[in-house]
2 protein chains.
Amino acid sequence: MAHLAHNHTAEDCVELVTIFQSLSEEDTSTVASLVSDKHYESGEYIYQAGDPADALTIVAHGQAKVFQLASNGKEQMLRILQTGDFDGEAALFSNEDRGSFAQALMDTDVCQIKRSDFQKLMKSSPELAVNMVNAFGQRIVQLEQQTTEAATSSVESRLASYLLETGAGLKQDEFELPLKKKDIATYLGTTPETISRKLSSLAKDELIEKKSNTLIKILDADGLAMVE
Amino acid sequence: MAHLAHNHTAEDCVELVTIFQSLSEEDTSTVASLVSDKHYESGEYIYQAGDPADALTIVAHGQAKVFQLASNGKEQMLRILQTGDFDGEAALFSNEDRGSFAQALMDTDVCQIKRSDFQKLMKSSPELAVNMVNAFGQRIVQLEQQTTEAATSSVESRLASYLLETGAGLKQDEFELPLKKKDIATYLGTTPETISRKLSSLAKDELIEKKSNTLIKILDADGLAMVE
DNA sequence: CGCGAAATTGAGAGCAATCAAATGTCGTGG
DNA sequence: CCACGACATTTGATTGCTCTCAATTTCGCG
């Protein structure tokens, strides 16, 4: 592999991202050649509202938050992009500007494919198109679950799920919270105060251990999954 | 048009559904020939959990609810399928059985395309694939909005949005509520009692008028949109 | 008309938001 | 290296929205 590689990050993208998996070698090479990559420091904006939405953005390494500004000026978290996630769903095939912001939460490498290139790719590679529909279908299922959970579960339950997901994503049971509690709160649709209290509550129940301000250890994953 | 028509419902599907729009005449005809159609009475199940998920289901006319059974046996509403909506996202490309139920809420005509036929279509028609990705992208955007709204808005605000959407979907400002209040409650993540109270509240504020038990008239759409 | 389901209404309890204040953390500059 | 300020977090007290439980009332349908 990597017979055509001249760019490590681009290779990462092609390997990491679901939609590019199970492509032919030829298609894989084509994709890698069309990808441009860029590095962002923690806090930098990957894109902002008003930017033209003309590229699919893939997180090769790192983490970023995608959010909107509500009418009152507060941030409304839409999603967290982890390594391997990509963004640009809706905008990729329309001519609209972006309505949201993406900000790197740590040092982050992203890859981008221009819309025109991506559309050409889709038309020439049925496999890619099918993968794309698959990936979107999975995201839809995940969003449906998230919606249901938001509508039916308590904050404590949602926080427990979030911790489990985060731990699973990092493949560790002891990890730094990647978001400030304010951001976790926005993400889960609650307030920093409540996050603080519920975290203490989970610790009191010995489901997690608060090693430090931001360092969390999951003690009882099964228990967390059963929090109502 | 309708030069090949031998089936009115199938024609409806092809004309109604976004993903089949802007296809070539040849593709359109092919689609119409692959579609099978079926009629369901109100209350009938279109599919149930455990059924194999091997077809894309399109609502040609009518309305259906898609829901899951939670561990406690209660229904969890996932979505309402209106005329022109389709379902089968995630399952269409996997081999999993369905995990949800779809039940007709009124006399409803649906069309179905078998997975194998649909996949062949996608591979032979790049336009269809692009349309499919587009449609999924739109649904993702809608779900993201729904998730954000569920996490940040009050029941009254969500109910107001629901009424606006329903009215817009029916293109009337006076309409029968298509769902029982119990179902609206499940859909919005609340209880029938609260729906009843908030509906009265909206009527007291003269944003809507309760003409009868199920007949609602929207008096102030702008006001509804601003309910917090 | 009469049954059963659906919807309304009322009372009470609980969870989480808000408001307020204290404490902790981190980066900067002296 | 320490002091300072800005911001994040914690903790406490209170309020309010929504759920739950319970009792009617209304509606839909045979």
Side-chain angles (χ1 to χ4, degrees), chain A residues 41-43 65 70 72-77 103 105-106 149-163 176-205 208-216 227-228, chain B residues 41-43 65 70 72-77 103 105-107 149-160 162-163 176-205 208-216 227-228:
Chain A
E41 306 280 323
S42 179
K65 67 174 180 179
N72 53 18
K74 281 188 181 175
E75 292 181 7
Q76 286 189 319
M77 181 84 54
Q103 183 180 27
L105 294 170
M106 54 176 72
E149 183 161 320
T152 62
S153 301
S154 68
V155 170
E156 191 154 337
S157 172
R158 276 177 278 157
L159 177 58
S161 296
Y162 170 77
L163 292 176
E176 295 273 331
L177 287 175
L179 295 178
K180 283 183 286 194
K181 299 214 172 88
K182 187 182 69 173
D183 286 332
I184 299 176
T186 312
Y187 184 53
L188 298 179
T190 181
T191 61
E193 295 95 320
T194 298
I195 293 292
S196 180
R197 284 186 241 270
K198 295 305 180 187
L199 226 35
S200 298
S201 169
L202 292 175
K204 190 160 71 69
D205 296 342
I208 64 171
E209 185 182 345
K210 293 197 289 184
K211 310 279 276 189
S212 83
N213 196 350
T214 57
L215 188 62
I216 296 287
V227 170
E228 295 198 358
Chain B
E41 306 281 324
S42 179
K65 66 174 180 180
N72 53 16
K74 282 187 181 176
E75 293 181 7
Q76 287 188 318
M77 181 82 55
Q103 184 180 26
L105 294 171
M106 54 177 71
D107 284 15
E149 183 160 319
T152 60
S153 301
S154 68
V155 171
E156 193 155 337
S157 171
R158 276 177 277 158
L159 176 59
Y162 170 77
L163 293 176
E176 296 273 330
L177 287 176
L179 294 177
K180 284 184 284 195
K181 297 214 174 97
K182 187 181 70 175
D183 285 333
I184 298 177
T186 312
Y187 183 53
L188 298 180
T190 181
T191 60
E193 295 95 322
T194 298
I195 293 293
S196 180
R197 284 186 242 269
K198 295 305 180 187
L199 225 36
S200 297
S201 169
L202 292 175
K204 191 160 72 67
D205 295 344
I208 63 171
E209 184 181 347
K210 293 198 288 186
K211 310 279 277 191
S212 83
N213 195 352
T214 56
L215 187 61
I216 295 286
V227 171
E228 296 199 357

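Residue numbers start from 1 in every chain, and the chains themselves are labelled A, B, ... in the order their sequence lines are given, proteins ahead of strands.
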Do any N or O atoms from the side chain of A/Gln103 and from the backbone of A/Lys65 form a donor-acceptor pair under 3.5 angstrom?
no
Smallest separation among heavy atoms of A/Ile216 and A/Lys210, with atom names:
CD1-CG, 4.2 Å
For C/dA17, take OP1 and OP2 only and decide whether either is under 4.0 Å from a side-chain N or O of A/Thr190.
yes
Between the base of D/dC21 and the side chain of B/Glu193, is one N or O donor paired with an acceptor at under 3.5 angstrom?
yes
Heavy-atom nearest nucleotide on DNA chain C for A/Ser153 versus B/Ser200: which residue maps closer to 5'?
B/Ser200
Knowing that exactly one of A/Thr214, A/Ile208, A/Leu215 qualifies, which makes a side-chain contact (heavy atoms from CB on, under 4.5 Å) with A/Lys211?
A/Leu215
Any donor-acceptor pair under 3.5 Å between the side chain of B/Arg158 and the base of D/dT18?
no
Report yes if at least one side-chain N or O of B/Thr194 is closer than 4.0 Å to OP1 or OP2 of D/dT18; otherwise report no.
no
Nucleotide C/dA17, atom P - distance to CD1 of A/Ile195 in whole Å
9 Å
In terms of heavy-atom contacts, A/Ser161 and A/Glu149 come closest through OG-OE2, 3.0 Å
In whole Å, what is the span from the CD atom of B/Glu176 to the P atom of D/dC27?
13 Å
Measure the distance from CZ on A/Arg197 to C1' on D/dG12 and round it to the nearest whole Å.
7 Å
Quick check on DNA chain C: between A/Gly189 and A/Asn213, whose nearest nucleotide comes earlier from the 5' end?
A/Gly189
Separation of D/dC27 P from B/Lys181 NZ (nearest whole Å):
10 Å
Single hit among B/Thr190, B/Thr191, B/Ile195 for side-chain contact (heavy atoms from CB on, under 4.5 Å) with B/Glu193
B/Thr191
Look at A/Lys180 and D/dA8 and indicate whether a side-chain polar atom (N or O) is within less than 4.0 Å of OP1 or OP2.
yes
Whether A/Lys182 contacts D/dA8 is assessed here as follows: a side-chain N or O lying under 4.0 Å from the phosphate OP1 or OP2. Is that the case?
yes
Rounded to whole Å, CD of B/Glu156 lies from C1' of C/dA17 at a distance of 17 Å
Rounded distance in Å - NZ (A/Lys198) to C1' (D/dT10):
15 Å
Would you indicate which nucleotide in D/dT20, C/dA7, C/dT18 comes nearest to any side-chain atom of A/Thr191?
C/dT18
Expressed in angstrom and rounded to an integer, what is the separation of A/Leu179 atom CG from D/dA8 atom P?
13 Å
Proximity to the side chain of B/Ser196 - top-ranked nucleotide from C/dT8, D/dT18, D/dT20
C/dT8
Take atom CD of B/Glu228 and atom C1' of D/dC17, then tell me their distance rounded to the nearest Å.
14 Å
Given D/dT10, D/dT18, D/dT11, identify the nucleotide with an atom nearest to the side chain of B/Ser154.
D/dT18
